[in-house]
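Written below as structure tokens is the structure these notes are about.
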Amino acid sequence: MTTRTPAQLQLEPAASAGQLSKVYGTGETKVFAVDRVSAEFHAGTFTAIMGPSGSGKSTFMHCLAGLDTITSGSARIGVTEVNQLKDNALTRLRRDKVGFIFQAFNLLPTLTARENITLPMDIAGRTPDEAWLKRVIETVGLSDRLNHRPSELSGGQQQRVACARALASRPEIIFADEPTGNLDSHSGSEVLAFMRTSVHELGQTIVMVTHDAVAASHADRVIFLADGRLVDEMHEPTADTVLDRMKHFDARRTT
Ligand code: ADP
């Protein structure tokens, strides 16, 4: 293994995929869910993955995050080749380096907001960095809700607890799968604004799967998948430019 200097490590993407493919099934039922996708996700950036339903967005993100195995190519978190890790090492990588935000908030109903936020660290036997935790909780706007249980919080607040939980351990990267899918547009934009702030003010790295052009417009960059292939990339997206790009997929599908 080559040794990298700190300056070189800084330049390493937080995550990357190299010709990553994921094939389900065999013979006539074979599906190329992800087909030779290469992409880099740099530290301190917010990337959205867009594409029509069935284009491979979730599969790609799950492979990159080590939640699913890959068929060929590479998936890296930092400099670590996710696919070559044994079960225990993969569990540690997911626990220590990666944060997740899912469409279902996945909070434990019997725990308070604060207990939910620190739960992964409690399980890992790690002591939360109190100064960092305070900053995260203030950024998420939850300081006065910490002793509330999930049932006493709105959907948007619950998802902000889930965001704070993902950020609390300062993971190298956060993967979010349709994080606003269960929220009304107002709560959704609160959560997205928070995700943006966590990238631009706290230096977090976020990769988010979404089918919503408005959600994608909060990202710094959008990559587009179609039929498992990476087909386009857009910087500084707006809802209109993303919608416009998506219309081309729809038009192609109906012709
Ligand atoms: P998206 O997230 O863009 O909606 P997915 O990643 O869920 O797309 O799916 C991509 C393709 O892979 C689809 O054709 C889907 O039917 C197929 N697929 C996803 N998961 C499985 C699975 N576990 N077994 C077989 N095919 C799957």
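Remember, it's 1-based here, ligands and their atoms both numbered in the order they're listed.
Using a 4.0 Å cut-off to heavy atoms of Pro52, the atoms of ligand 1 that qualify are 3 (O). Within ligand 1, the atoms closer than 4.0 Å to a non-hydrogen atom of Ser53 are 4 (O), numbered from 1 in the order shown.
The backbone N or O of Gln204 lies less than 3.5 Å from no partner atom in the side chain of Ser198, so there is not a single donor-acceptor pair. Side chain of Arg76 to backbone of Ala15: no donor-acceptor contact under 3.5 angstrom is found. Under the 3.5 Å distance criterion, the side-chain polar atoms of Asp244 are left unmatched by any main-chain donor or acceptor of Asp240. A donor-acceptor contact shorter than 3.5 Å is absent between the side chain of Lys22 and the backbone of His62. A donor-acceptor contact shorter than 3.5 Å is absent between the side chain of Ser16 and the backbone of Pro13.
Atom 15 (C) of ligand 1 is never approached by the protein to below 4.0 angstrom, counting heavy atoms only. For atom 12 (O) of ligand 1, a protein heavy-atom neighbour is present inside the 4.0 Å cut-off.
Using a 4.0 Å cutoff on heavy atoms, Gly228 does not count as a contact of ligand 1. Residue Ser55 places a heavy atom less than 4.0 Å from ligand 1.
Side-chain contact check for His248 and Asp232: no donor-acceptor pair (N or O, by modelled atom type) lies under 3.5 Å.
The protein heavy-atom contact nearest to atom 5 (P) of ligand 1 is Thr59 OG1, 3.6 Å. Regarding atom 8 (O) of ligand 1, its nearest protein heavy-atom neighbour is Gly56 N, 3.2 Å. Counting only heavy atoms of the protein, atom 21 (C) of ligand 1 lies nearest to Tyr24 CE1, 3.3 Å. From the protein, the heavy atom lying nearest to atom 3 (O) of ligand 1 is Lys57 NZ, 2.9 Å.
Contact of the Arg114 side chain with the Val161 side chain is not registered, since no non-hydrogen atoms from C-beta on lie closer than 4.5 Å.
Residue Gly54 places at least one N or O, backbone or side chain, under 3.5 Å from an N or O of ligand 1.
With salt bridges taken as basic N to acidic carboxylate O contacts below 4.0 Å, one links Glu138 and Lys134.
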